[in-house]
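One structure below.
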Amino acid sequence: MTSAGPAAPVGVFDSGVGGLSVLREIHAQWPTEALVYVADSGHAPYGEKSADFIEARVRHLIDHLRGCGAKAIVVACNTVTGLMIERLRQHYPQTPIVAIEPAVKPAAQSTRSGVIGVLATRQTVASPGLARLVDTYAQGKRVLLQACPGWVERVERGLLDGPDTEAAVAAYVNPLLAQGADTLVLGCTHYPFLAPVIQRLAGDGVQIIDPAAAVARELGRRLAQAGLAAPAGAETAADVTFWTSADTSQAACLIARLWGQPVQPQPLP
Ligand code: DGL
């Protein structure tokens, strides 16, 4: 691969529905790109599993997307990026792979208090990828790495607000605020769906950074460089198709809610 041309779809995957927060940015910026999304919700959360288990799942997802003809892959999962992005690029050398990672660099540039909170899964918090980002871009800043167990499961169950979700969010956000964080990085693609609650708790003086739009811009650059960008200017948006490893009817309800349109996810083989 990739023998796929500009008309081929872009493959996007995550451990579950979180990557829809990236997919919506890609679709907004590049509406003529056909997209195939895989939600591995049957195996979420990745952040609590072993690296070997995650890598086996991820290869299965990427092989499936390549089997769908994907011309490029977007890793819409910070946990996967932090643990194994180099190995994936070595394993699939002919497929452009664009990967999300926590937005430590923009946070370090914009914090006024000098204290940044990074909200992420346990695996991401412990990953060499995140340690490298902090070393490279946040010298002289205080970076508080906060694992948020339970948040991915809440989003997977559609529990995006209400007293219990607010309590679960407060449990990890309040300690960061108490230590002076004025910038919070959403280091997991599920967390943008909790952003309204996070912002409400943190107040308007705290900036929340989601790197999804930057990932979509990077995808556009990579496709253009490789001569793989879909022609712009079509009158209708290209197809977006969904696959899931969870129950398809439950997935259809949740994805439709987060995506904002009815969808018919297919069962992942
Ligand atoms: N959305 C994934 C991420 O960005 C969550 C991983 C998980 O399932 O724990 O890290």
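We count ligands from 1, going down the list as the structure has it; atoms in each ligand are counted the same way.
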Atom pairs and distances, side-chain donor-acceptor, residues 185-194, under 3.5 Å, sequence neighbours left out:
from	atom 1	to	atom 2	distance (Å)
Thr189	OG1	Ala76	O	2.8
His190	NE2	Gly18	N	3.3
His190	NE2	Glu156	OE2	2.7
Tyr191	OH	Ala120	O	3.3

Determine all donor-acceptor pairs shorter than 3.5 Å in which one atom belongs to a side chain in residues 257-269; sequence neighbours excluded.
from	atom 1	to	atom 2	distance (Å)
Arg257	NH1	Gly158	O	2.9
Arg257	NH2	Gly158	O	3.1

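- For Glu33, the side chain to side chain donor-acceptor pair (under 3.5 Å) partners at least two apart in sequence or on another chain are Lys71.
- Within 6.0 Å of atom NZ in Lys105, 12 or fewer heavy atoms from other residues, nucleotides or ligands are found, so the atom counts as exposed in its surroundings.
- Between Arg200 and Glu166 a salt bridge is recorded (basic side-chain N to carboxylate O distance below 4.0 Å).
- Ligand 1 lies under 4.0 Å from heavy atoms of Asp14, Ser15, Pro45, Tyr46, Gly47, Cys77, Asn78, Thr79, Thr121, Val152, Cys188, Thr189, His190.
- Gln123 CD to Ser15 OG: the interatomic distance, rounded to the nearest 0.5 Å, is 11.5 Å.
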